[in-house]
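This report concerns only the one structure given below.
What you see below is based on every heavy atom in this structure, not just the backbone, and it leaves out hydrogens, waters and symmetry mates. Both counts, for ligands and for their atoms, begin at 1 and track the order of listing.
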Amino acid sequence: MTSTLLRGRTLSFVRWPQTIDDHSAWRYEEDGGLLISDGRIVAAGAYADVEKQAGETAKKIDHRPHLLLPGFIDAHVHFPQMQVIASYGAELLDWLNTYTFPEETKFANAQHGRRIARLFLDETVRHGTTTVAAYCSVHKASAEAFFAESHARDMLNVAGKVMMDRNAPEGVLDTPQSGYDDTKALIAEWHGKGRQRYAITPRFAITSSPEQMEMAGALCREHPDLHMQTHLSENHAEIAFTGELYPWSRDYTDVYEHYGLLGKKSLFGHCIHLSEREADALSDSGSVAVFCPTSNLFLGSGLFDYQRFRRRDKPLRIGAATDVGGGTNYSMLRTMDEGYKVIALNGEKLNPFQSFWQITRGNAEALSVADKIGTLEEGTDADIVVLDARATPAMRLRMETVETLAQELFLLQTLGDDRAVREVYVAGRAAKSDMIAG
Ligand SMILES: [Zn+2]
């Protein structure tokens, strides 16, 4: 098999960067090389060293002066909501009833699901995202469409059909038994097929009956290696309604705790209005709180307290995500730009190294896949994004005064979007330019 040798400025994180000067938290090569063979990074380091290992036949691609980073990871997104994004004027529960649920009924049609799955993964790749944790619709066919498209592209994606059996229109409801059976069948067919990973996906406590929550807990016990994803503590009306539906619960988190849904592979979208007890419960169980800044601002849900969640005596594991279609952009750069502002409104700052750690290695750790993706380390999968900090006239002009890597990253986050993504490699294959070439 021919190998590929990429040249550029490589940046990959080793751990959380405490400060802007915490240099040992990342590896940066001004003239770096990545040797790719059979979908994996087989050598990484200074270009001169990596070139020696490459051999005569390696295909050389020079991306200088651009940055090579691990492909971005989006820890929470709804693929059936491509035609919900940019819907005006509602808070969470109205937004679901007015826009989302009617739209998701269309995914009973498998052909529609296949079309949107294809366009969705086109869009994520265009924006530099190589892995998502995706909610499908309630329909088994929507998850089949998503996984088939993801597998054909050899992407590492996590996804699951949502389980929801009440408080929504008939066209997006399953039953406790059919939700369980469909999930079992999807796990058998797709989990571990190539790079595909299944997530048990009860939408949230409001749309699942206690019987369905029992079934979700049973699935987690039967498949402890799988992810579980749901929503938690996004909006005050949602929290109050959950309390009415589960009157015995101490708080919202207690509902999921009761049914055995907390754990190291459990991803909880939003987590904005948590009590100290709830945050402790998430921390004790190793559960992940997923920060979705554009969605939280767009729906007026609230401000995720990122830095305090990290600093508390029992810190939270944190992921970051677009939450399209509640979120307003597919780009993890745009997401962290809004994230910076949310954190600023909480009186804190997120430095650019922390931001880029979060959307690469941080999200890989949140998804428990850092041994595979999220870094440029040898032996990991070759999911790589190529970033151009001079992609637009405004960026080019601003770059004239940029002197440090930290400034360049912050510029990319603040002004960058899909235009700054020059190329994307998925399992070593140039995926963005292939797509443009048709
Ligand atoms: Zn969501």
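Applying the salt bridge (charged side-chain N to carboxylate O under 4.0 Å, His left out) test to Glu103 and every residue at least two apart in sequence or in another chain returns Lys106.
Taking the ring centre of Trp16 as origin, the terminal cationic atom of Arg310 falls inside the region bounded by 6.0 Å and 45° from the ring axis.
Aromatic rings from Phe353 and His23 are positioned such that their centres are separated by 6.0 Å or more.
By the 4.0 Å N-to-carboxylate-O rule, Asp174 lies too far from Arg203 to be salt-bridged with it. A salt bridge links Glu408 with Arg9: the closest approach of a Lys/Arg side-chain nitrogen to an acidic carboxylate oxygen falls below 4.0 angstrom.
Around the Zn ion (ligand 1), protein N, O or S atoms at less than 2.8 Å number 4.
Between His66 and the choices Asp388, Val385, Leu387, Val421, the side-chain contact (heavy atoms from CB on, under 4.5 Å) rule is met once, by Asp388.
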